[in-house]
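Just so you know, these numbers come straight off a predicted model, no measurement behind them. Atom set for the values below is all heavy atoms of this structure, side chains included, hydrogens, waters and symmetry mates excluded.
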There are 2 protein chains.
Amino acid sequence: MTSESTGPGSVRPGGRTARVRSAVLRAAGDALAEHGLAGLDLADVARRAEVGRTTVYRRWGTPASLVADLLADMAEQSLPRTESGSLLGDLRANARLVRRTLADPRQGALFKAVLAAATCDPQTAAALHRFYEVRVAEWEPCVRQAVERGELPAATDTREVIRAVSAPLYYRLLTTGDPLDEAAADRAAEAAAAAARAGAFVPPTA
Amino acid sequence: MTSESTGPGSVRPGGRTARVRSAVLRAAGDALAEHGLAGLDLADVARRAEVGRTTVYRRWGTPASLVADLLADMAEQSLPRTESGSLLGDLRANARLVRRTLADPRQGALFKAVLAAATCDPQTAAALHRFYEVRVAEWEPCVRQAVERGELPAATDTREVIRAVSAPLYYRLLTTGDPLDEAAADRAAEAAAAAARAGAFVPPTA
DNA sequence: CCATTAATGGAACAGGAGTCCCGTTATGAC
DNA sequence: GTCATAACGGGACTCCTGTTCCATTAATGG
């Protein structure tokens with residue numbers, strides 16, 4: 001154990017290896033969206049990806065590890081952020097983007113499955129946390145601008161405002177059967193903006 | 001198929017059968033809290049409950065079905081609701097109760113596992129929805145009273161206000177590694193109250 | 001282009017999850 | 001108390017998940 005053991009795919013990451021990873025991640029996403037986490041069978045993923053079972057077991061080993069890699073891949077694909085000039089406009093754009101994603105049959109199911117996977121394994125949870133840190137950091141500037149414009153209290157926890165927009169949408173996705181319509185997204189944005197203006201996201205003086 | 005097939009436990013639900021169900025549900029809760037959904041092995045549950053494997057497979061069949069039954073059981077155990085006289089006070093009490101539950105190592109892990117299970121199976125999801133319907137209905141009156149007192153707009157969607165309190169806590173539980181402290185609970189209550197006062201939960205005139 | 005060897009994929013193997021069969025236990029009706 | 005049978009529990013069996021071994025393929029360095 002003089003040198004850390006480098007897993008398969010790290011020494012020759014080009015060509016075939018990259019192709020295999022791509023195919024497997026795509027297949028894993030499909031499988032998760034279709035059958036959920038419980039139905040995530042590595043043998044099935046290998047079949048879908050037209051890759052040897054052995055390869056999948058060797059490189060990822062467990063469903064949790066595969067999902068963690070999938071999350072790392074998802075974190076890299078960032079969506080463009082629009083700017084509307086007003087806090088409510090920006091938050092609404094964010095809320096609608098999140099809603100569209102969660103309401104989409106494939107993406108919504110995928111996110112549910114990924115959240116489920118994160119509850120089962122610490123490493124997957126860490127990957128999920130990174131994913132949302134990236135997403136929140138992308139949108140946080142629009143709240144910061146609102147603070148600079150004087151729309152919000154100076155000490156506002158800007159990241160928490162962004163999270164407050166997503167929270168009701170995710171909560172609805174998981175705990176009710178109600179559809180995620182655009183009205184829900186707009187309500188989430190309005191509620192977050194109103195709460196922020198009222199100073200609900202100003203930490204109690206440290 | 002003249003009469004609907006009644007599953008085991010429905011004809012003689014007393015004595016031993018009830019004891020078995022109780023022991024199995026307790027064991028399932030323990031297993032879920034310890035290993036999460038992925039580690040929920042019916043054979044292991046049977047061992048913990050000191051019950052025959054066959055019995056567990058026959059009566060519940062799948063992990064999802066077992067979790068659904070566990071949820072039905074959890075929905076029956078209701079927690080007492082306190083009344084403080086003000087909207088913010090009531091919402092804060094609710095937020096702190098939810099926080100305590102989710103921050104508790106066993107209960108928190110159990111809720112995460114149950115949410116994960118609901119993403120895998122429609123029946124489990126339905127049981128989860130019922131569970132939260134019951135919980136929301138229990139607390140909704142305190143918002144209704146605030147409306148009657150004139151603290152909130154008349155057309156406020158009272159149930160949505162209660163959900164707005166829980167949402168950020170669940171969102172944090174799942175998507176960040178941050179601890180669920182009391183400050184987070186109070187902030188959730190304040191944000192929901194502020195948003196409600198601002199009319200964010202008044203449906204756009206139908 | 002050639003050589004080295006990382007990475008893949010098929011096949012055989014092992015272990016465990018889930019099912020079936022049937023004898024045993026104890027519930028509920030009388 | 002007694003009876004009929006619902007429900008339980010042990011053990012054998014099957015199938016499938018995950019592992020190991022080794023031959024084949026193709027990425028990288030020269």
Using whole Å, what does the distance between atom [atom2] of nucleotide [N] and atom [atom1] of [X] come to?
X	N	atom1	atom2	value
Arg21(A)	dA27(D)	CZ	P	17 Å
Trp60(B)	dA7(D)	CH2	P	12 Å
Arg16(B)	dT5(D)	CZ	P	17 Å
Arg58(A)	dT20(D)	CZ	C1'	10 Å
Arg19(A)	dT25(D)	CZ	P	15 Å
Leu42(A)	dT17(D)	CG	C1'	9 Å
Tyr57(B)	dC15(D)	OH	C1'	13 Å
Arg12(B)	dC3(D)	CZ	C1'	10 Å

OP1, OP2 of dC16(D) versus side-chain N and O of Arg53(A): anything below 4.0 Å?
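Result: no.
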
Of the listed nucleotides ([options]), which one gets closest to any side-chain atom of [X]?
X	options	answer
Val51(B)	dT17(D), dA7(C), dG9(D)	dG9(D)
Asp41(A)	dC8(D), dT5(D), dT17(D)	dT17(D)
Arg59(B)	dG28(C), dC8(D), dG9(D)	dC8(D)
Pro13(B)	dA7(C), dG28(C), dG18(D)	dG28(C)

When only distance counts, do a donor and an acceptor, one from the side chain of Thr54(A) and one from the base of dG10(C), lie under 3.5 Å apart?
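Checked by distance alone, the answer is yes.
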
Compute whether any side-chain donor of one residue and acceptor of the other, for Thr158(A) and Glu140(A), lie under 3.5 angstrom apart.
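Their side chains do contain a donor-acceptor pair, which is all the 3.5 Å distance test asks for.
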
Verdict with reasoning, Asp90(A) to Thr82(A), per side chain to side chain contact (heavy atoms under 4.5 Å, CB included):
CA-CA 7 Å; Asp90(A) 289 349; Thr82(A) 63; 5.7 Å; no

Is the shortest side-chain N to carboxylate O distance from Arg21(B) to Asp73(B) below 4.0 Å?
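Asp73(B) and Arg21(B): salt-bridged.
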
Regarding Arg48(A) and Asp44(A), does a basic nitrogen lie under 4.0 Å from an acidic carboxylate oxygen?
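Yes.
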
Arg59(A) and side chain to side chain contact (heavy atoms under 4.5 Å, CB included): which single residue from Thr17(A), Val51(A), Asp69(A) fits?
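The option that passes is Thr17(A).
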
May I ask you to say what Thr62(B) touches in the nucleic acid, namely base, sugar-phosphate or nothing, with a heavy-atom cut-off under 4.0 Å?
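If one applies the 4.0 Å heavy-atom cut-off, Thr62(B) turns out to touch nothing in the nucleic acid.
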
Can you work out whether Gly61(B) or Gly15(B) has the more 5'-proximal nearest nucleotide on DNA chain C?
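Its nearest nucleotide being more 5', the pick is Gly61(B).
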
